[in-house]
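Quick notes on the structure that follows.
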Amino acid sequence: MTLVLTDLVATSTALARTSSRLEKRSLIAALLGTAGDDVALAVDYLTASPRQRRTGVSYRTLGSLPEPAPVTSLTLRQVDAAFDALAAVQGSGAVAARAAIVGDLFGRASADEQAFLRALLIGELRQGALDGVVVDAVAHASGCPLAVVRRAAMLTGSVSRTAAVALGGGTSALEQITLTVGVGVLPMLAGSAPSIAAAVTQVGDGASVWVDCKVDGIRAQIHKDDNVVRIFSRTLDDWTDRLPEVADAVRRLPVDVAIIDGEVIARDVSGRPLPFQETGSRVARQGAGAVSLMLFDLLHLDGRDLIDEPHATRIGELARIAGPLVVDHVVTADAGVAERFFETVVAAGFEGVVVKRVDAPYAAGRRGSDWVKVKPVRTADLVVLGVEWGSGRRRGTLSNIHLGARDAETGEYVMVGKTFKGMTDEMLAWQTARFLELERDREGHVVWVQPAQVVEIAFDGVQRSRRYPGGVALRFARVLRYRDDKTPQEADTIDGLRSMLAEPDSRDLQDV
DNA sequence: GTCCCGCGGGGAC
DNA sequence: CTCGGACACATTCGG
DNA sequence: CCGAATGTGTCCGAGGTCCCCGCGGGAC
């Protein structure tokens, strides 16, 4: 039994049409019931994650498409084969080669199929169903308990493989899936809280909480099986080759078999974290520039699975085998103590803190309330310089605003970033009217406005920028509120933002 | 013919 | 990465 | 006492910043 693209596209279209999760679930379940051997492929496409992580094809390449075919018989496997071919293309002439494959594939697709494939390749499926809904649907289609399906998905790191096992072998087959050294596990994620006090009461509810120093690096899940070490990124890509020194460090640990969770980060000789940009750069450059490893969890140790053990137990074992690499922490029920720890680690250059329930298991793949992060928040009053028309459910509203800081010398405003975050529907409606009033010019989907409206922006920090003229950009900017009590002349200055940049000390920029 | 730069794709946060 | 909206389910409120 | 309102857990999608690499085309 094989699945035809048309059927998948029909359910995708139906998914987009309804907002009911239950209905989405039954639509997907019905499709999976007919998918036969193509369950995994169907799930990969429905969750907008084709096997081929990189096809080299996106928005730009798909600008001009051939005429849709009036009749089609495209199968999922044929699509998969075309994606394989795309992924294999490299070297001189690659652009033309990809265009040829795309032209052939799309020429065999109907209009609806073209739209679907295009959305899939661009990564903008927007049918209101991804991993969460699909996992639910897999449980329904297979008759397996949702909790069992979820757990299998977390342990295999793959919804599609889980789906194939569930539909093929049912609950008993799913239950045979266990934590396996060498197979990436979905990493446990943290929710967030606005303050230490909130986090401590939310997580601890009166009891003691575990407070970890939060490292602003790149997540790494490390599997050690004697001398064989594999390192997985947060999305479970294999990054072993680009982190040789990390692999060596783990090889030297006094354990045979382990799965460790931690963060990779570039630091100066004193151990102080370097800006995230530096660690990102070093990691991407295949091990150019040393990075160090900071650990905060242990999922498996020498034949013993620890994911269901309490956090405190796991960390106890971790400290035993890798003490010096474990991140700083305190255990307390006192929000004041946690607060002081937070201040200390932030002063030392770390990102903040993660508050953890002491007895929480390792609940992979879920952004639960067992781990809650808190980071310091910066704030600035900036001027709106332009706005962009929104897309998707923000179509028809002026959404993404361009932010400017005041240049005290010239009196002009220099752009330091954009944001679309923090706006309620009400604010969206207000700002589209407001910025249309202030409109000065248009260019594509951006509306340039007179620099008259001040907005209070929250952000995590500033970073060095090559794109923006002031040389700085905001990280994670979001709107707090519009300020009608301030004139643009009272907005915060670009110099003020620049002063928040960590001063690079060239002596310190050494490998550790 | 080579080098460099711009741009697109893809991945971190 | 952040945030708001929406849905599903649990709990509490009000006639 | 039961239906309606309110609260909670989760998911999704709106798009941000940076980085690197590879390809292609223009400058020299």
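Quantities reported herein were computed from a predicted structural model and do not represent experimental measurements. Every chain is numbered from 1 and lettered A, B, ... according to where its sequence line falls, protein lines coming before strand lines.
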**Request:** Output the distance between atom CG (A:D80) and atom CG (A:L41), rounded to the nearest 0.5 Å.
**Result:** 4.5 Å
**Asked** To the nearest Å, how far apart are A:H445 NE2 and D:dA14 P?
**Response** 14 Å
**Request:** For A:Q127, report the nucleic acid contact type (base, sugar-phosphate, nothing); a contact means any heavy atom under 4.0 Å.
**Result:** sugar-phosphate
**Prompt:** How many Å lie between CG on A:D238 and P on B:dG11, as a whole number?
**Reply:** 14 Å
**Prompt:** Would one find a side-chain N or O of A:T61 under 4.0 angstrom from OP1 or OP2 of B:dG8?
**Reply:** no
**Salt bridge flag under 4.0 Å for residues A:R51 and A:D44** = no
**Message:** In whole Å, I'd like the distance from the CD atom of A:E124 to the C1' atom of B:dG10.
**Reply:** 14 Å
**Request:** Using a heavy-atom cut-off of under 4.0 Å over every strand shown, decide if A:S19 touches base, sugar-phosphate, or nothing.
**Result:** sugar-phosphate
**Request:** Have a look at A:K418 and say if it touches a base, only the backbone sugar-phosphate, or nothing, with a 4.0 Å heavy-atom cut-off.
**Result:** sugar-phosphate
**Request:** Quick one: label A:K24 by what it contacts on the DNA or RNA (base, sugar-phosphate, nothing), any heavy atom closer than 4.0 Å.
**Result:** nothing
**Request:** Could you tell me whether the phosphate oxygens of D:dA14, OP1 or OP2, come under 4.0 Å of any side-chain nitrogen or oxygen in A:R394?
**Result:** no
**Request:** Using a 4.0 Å heavy-atom cut-off across all strands, classify A:A477 as base, sugar-phosphate, or nothing.
**Result:** nothing
**Message:** At 4.0 Å (heavy atoms only), tell me whether A:V479 reaches a base, stays on the sugar-phosphate, or touches nothing.
**Reply:** nothing
**Request:** Give A:G123 one of three labels, base, sugar-phosphate or nothing, depending on what nucleic acid heavy atoms sit under 4.0 Å from its own.
**Result:** nothing
**Partner of A:V43 by side-chain contact (heavy atoms from CB on, under 4.5 Å), out of A:V134, A:I28, A:T162** = A:V134
**Asked** Starting at CZ of A:R282 and ending at C1' of B:dC13, how long is that distance when rounded to a whole Å?
**Response** 17 Å
**Asked** Do A:R464 and A:Q277 have side-chain atoms, one donor and one acceptor, less than 3.5 Å apart?
**Response** no
**Request:** Using modelled atom types only, decide if a donor and an acceptor are shared between the side chain of A:R378 and the backbone of A:G461 within a distance under 3.5 Å.
**Result:** no
**Message:** Taking any heavy-atom pair under 4.0 Å as a contact, classify A:R53: base, sugar-phosphate, or nothing.
**Reply:** sugar-phosphate
**Request:** Can you check whether any acceptor in the base of D:dC18 is under 3.5 Å from a donor in the side chain of A:R466, or vice versa?
**Result:** no
**Prompt:** A:G280 near the nucleic acid: base, sugar-phosphate alone, or nothing, with a heavy-atom cut-off under 4.0 Å?
**Reply:** nothing
**Prompt:** Does the side chain of A:R478 get closer than 4.0 angstrom to OP1 or OP2 of C:dC3 through an N or O atom?
**Reply:** yes
**Message:** Would you say A:R467 places a side-chain N or O within less than 4.0 Å of OP1 or OP2 belonging to D:dC18?
**Reply:** yes
**Message:** Which is more 5' along DNA chain D, the nucleotide nearest A:V95 or the one nearest A:G390? Just name the residue.
**Reply:** A:G390
**Message:** Measuring to OP1 and OP2 of D:dA14, would you say a side-chain N or O of A:N400 lies under 4.0 angstrom away?
**Reply:** no
